[in-house]
Amino acid sequence: MNKFILEGVNLWYGDFQALKGIDMEIPANKITAFIGPSGCGKSTLIKSLNRMNDLIEGCKVSGNILLDGESINGDTDVNALRKRVGMVFQKPNPFPMSVFDNIAYGPRTHGVKSKLALGEIVERSLRDAAIWDEVKDRLKKSALGLSGGQQQRLCIARALSVQPDVLLMDEPTSALDPISTAKIEELVITLKKHYTIVIVTHNMQQATRISNRTGFFLLGELVEFGKTNKLFSLPKDKRTEDYITGRFG
Amino acid sequence: MGRRTLVAWKKVCNREFVAKVIFIVSASAAVLAVGLICVFLLVQGLPAMWDIGIVSFLTGTDWRPTWTPPLFGILPMILGSLYVTVGAVFFGVPVGIFAAVFMARFCPPYLYKVLKPAVNLLAGIPSVVYGYFGMVVLVPFVRGHIGGNGNSILTASILLGMMILPTIITISESAIRAVPEEIYEGAVALGASHERAVFFTVLPAAKSGVFAAVILGIGRAVGETMAVRMVAGNQAVLRMPHEILSGTRTLTANVVIELGYAADEHRQALIATGVVLFVFIMGINIAFSMLKKKDGL
Ligand SMILES: Nc1ncnc2c1ncn2[C@@H]1O[C@H](COP(=O)(O)OP(=O)(O)OP(=O)(O)O)[C@@H](O)[C@H]1O
Ligand SMILES: [Mg+2]
């Protein structure tokens with residue numbers, strides 16, 4: 001089962017072409033990692049999957065992106081799309097409100113009003129993000145008082161609160177210490193049971209530890225894409241080999 | 001060390017010393033000015049307040065400086081200032097905040113190029129010009145369409161509401177712009193519309209800056225003299241809040257109207273009025289700087 005199918009996706013920032021003819025099939029309930037040197041287009045691609053690129057002026061996309069077989073281009077309802085395809089950012093970005101309101105924001109946005117229902121959603125999301133025990137006594141306190149690692153798990157809980165199908169994560173651990181990173185990696189692995197996960201990472205150990213598929217990007221092109229253990233043990237392309245053995249990048 | 005170097009050293013030291021003195025004097029000027037005003041007000045105003053009796057000065061409802069014995073009760077003026085300020089907040093704050101949100105988050109660039117200078121211009125218009133506008137436009141409008149003789153609390157509130165707009169818009173706008181883009185993106189990534197992300201995420205994130213803007217606006221409204229004097233009617237008679245169509249006199253107007261001819265105790269009572277005003281403004285500024293500290297603006 002494929003969650004996303006990308007067919008000949010090109011993307012331009014003004015005159016600059018950042019993605020060149022990307023063809024790709026992202027399987028459901030698996031973890032897909034994007035790796036590649038800085039500036040190769042990983043963030044650009046992941047942001048096209050929930051159309052966050054729409055916020056960037058002068059950004060133009062061609063080709064086709066299918067989610068569960070349906071195109072997300074053109075006049076798709078982007079708010080509904082982003083509800084289905086959640087996102088966790090590189091830098092934890094909790095809202096300056098209480099822990100509870102952070103998690104309740106998404107459901108409230110999509111029309112959940114009852115206090116009881118919100119309370120349940122908040123607890124479930126926080127449990128799923130493995131942070132419930134750490135925050136259950138401070139739900140009414142500001143989320144900004146949490147540590148960086150806790151904030152990132154809070155942001156994961158916030159993304160889970162609207163029950164998405166897909167979770168996009170752009171370098172979610174690059175701002176965190178090793179212990180918080182390990183916690184999040186563990187969490188991501190448990191989440192793949194229910195979610196399709198796409199993760200951008202600069203850390204190749206991380207990609208091998210958690211992902212099922214890996215795509216290697218270079219200068220806006222998808223050089224190689226396949227099963228993670230294959231790609232790291234027997235890369236087909238010379239450029240992939242050079243990159244994963246640390247000869248450039 | 002040679003004689004020449006010694007001389008050169010002395011020269012430098014001298015120059016540095018002079019520069020230091022200049023800096024210190026300039027830096028102290030502002031503090032000194034506030035200090036002098038403070039001392040002057042207290043020395044001149046407090047004894048009068050004492051003679052009249054602080055309670056009867058602050059809560060007395062009659063201001064009859066020409067009677068024998070004269071009556072100096074400034075409660076009507078305190079309430080007058082309060083009413084027009086509350087009115088100004090009522091008219092100015094919602095409009096100002098919406099304008100700031102619009103300018104920071106909705107306005108297309110070509111419109112911004114017109115709006116921003118317009119707001120700046122609004123801030124630079126002398127208050128006597130506002131007062132003139134109030135006299136020839138607002139007063140007849142209120143008289144004709146709402147009631148009363150037009151010189152009223154309502155008119156002054158509307159005019160003051162306009163006058164505090166630039167303060168509120170400018171400070172709120174920069175507070176809204178200071179909210180990190182990630183906060184907005186986080187909301188949008190959850191499926192929130194642009195409007196929802198702005199009003200329920202970005203604006204709340206800017207709330208202490210917006211509060212600061214409101215407080216500064218209130219300060220401006222309390223202290224405004226000339227424009228209010230030109231449209232408020234200036235009766236020194238106690239008015240109750242439901243009479244928004246009747247005139248009122250503010251603390252500031254009271255001072256500026258009577259100080260020219262007042263003498264002796266009357267004059268001192270006016271300076272005491274200034275003390276009350278000063279305390280109000282000081283309270284507002286303390287509130288502002290406390291908010292600023294909290295927000296790290
Ligand atoms: N908003 C933008 N406007 C113009 N060019 C952009 C914009 N965002 C990214 N680019 C360019 O597009 C290319 C791909 O950027 P992208 O952010 O996708 O790279 P990345 O692979 O995520 O890199 P990193 O690993 O450093 O995060 C880069 O050359 C970058 O300069
Ligand atoms: Mg990136």
Side-chain angles (χ1 to χ4, degrees), chain A residues 43 46-47 49-57 76-98 101-112 125 142-144 151-152 154-164 166-170 175, chain B residues 97 100-113 115-116 171-215 290-297:
Chain A
S43 299
I46 207 173
K47 280 194 286 181
L49 300 180
N50 67 344
R51 301 259 310 258
M52 287 298 279
N53 282 330
D54 288 14
L55 302 181
I56 297 164
E57 219 174 307
T76 316
D77 176 351
V78 288
N79 296 335
L81 169 69
R82 289 173 190 150
K83 180 173 180 291
R84 275 175 76 190
V85 183
M87 186 163 213
V88 175
F89 297 80
Q90 179 170 1
K91 224 176 96 205
N93 61 344
F95 302 141
M97 344 168 154
S98 71
D101 287 337
N102 260 277
I103 310 296
Y105 185 93
R108 280 182 179 138
T109 299
H110 298 288
V112 180
S125 309
S142 169
L144 301 184
Q151 289 187 4
Q152 193 62 306
L154 181 86
C155 291
I156 295 175
R158 190 174 69 189
L160 298 180
S161 68
V162 294
Q163 297 190 285
V166 183
L167 209 52
L168 308 175
M169 308 175 109
D170 192 350
Chain B
I97 292 178
V101 169
F102 178 76
M103 285 171 67
R105 280 300 188 165
F106 288 89
C107 173
Y110 69 90
L111 201 58
Y112 189 77
K113 268 189 230 142
L115 274 177
K116 188 70 186 169
I171 297 176
S172 301
E173 190 203 338
S174 55
I176 292 166
R177 282 188 192 279
V179 174
E181 197 60 17
E182 291 94 58
I183 300 283
Y184 170 79
E185 286 177 356
V188 170
L190 284 167
S193 62
H194 178 64
E195 290 75 16
R196 184 172 165 85
V198 169
F199 280 100
F200 292 90
T201 323
V202 176
L203 187 58
K207 69 169 181 282
S208 33
V210 173
F211 263 129
V214 171
I215 287 179
M290 267 167 24
L291 270 176
K292 217 166 67 172
K293 212 184 279 164
K294 212 177 114 200
D295 207 27
L297 262 176

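Taking A:K83, A:H110, A:M87 one by one and counting their heavy-atom pairs under 4.5 Å with chain B, the maximum is reached by A:H110. Of the listed residues B:G191, B:P204, B:A192, the one with more heavy-atom pairs under 4.5 angstrom with chain A than any other is B:G191.
Closest of all the heavy-atom pairs between B:G186 and A:N93 is CA-ND2, 3.5 Å.
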- Task: Show your working on side-chain contact (heavy atoms from CB on, under 4.5 Å) between A:M97 and B:F200 and close with a plain yes or no.
- Result: CA-CA 11 Å; A:M97 344 168 154; B:F200 292 90; over 6 Å; no
- Message: Please determine whether side-chain contact (heavy atoms from CB on, under 4.5 Å) holds for the pair B:R196 and A:R108, giving the CA-CA distance in whole Å, both sets of side-chain angles, and the decisive distance to 0.1 Å.
- Response: CA-CA 11 Å; B:R196 184 172 165 85; A:R108 280 182 179 138; 3.7 Å; yes
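With a 4.5 Å cut-off on non-hydrogen atoms, A:P164 does not touch chain B at all. Within the 4.5 angstrom heavy-atom criterion, atoms from both the backbone and the side chain of A:F95 approach chain B. With a 4.5 Å cut-off on non-hydrogen atoms, B:Y184 touches chain A through its side chain but not through its backbone. For A:R84, no part lies under 4.5 angstrom from a heavy atom of chain B.
Between B:L190 and A:R82, the closest side-chain pair of non-hydrogen atoms is not below 4.5 Å.
Here A:K47 contributes atom NZ and B:E185 contributes atom CD; the two are 6.5 Å apart, rounded to the nearest 0.5 Å.
Enclosure of atom NZ in A:K91 is not indicated, since only 12 or fewer non-hydrogen atoms of other residues, nucleotides or ligands lie within 6.0 angstrom.
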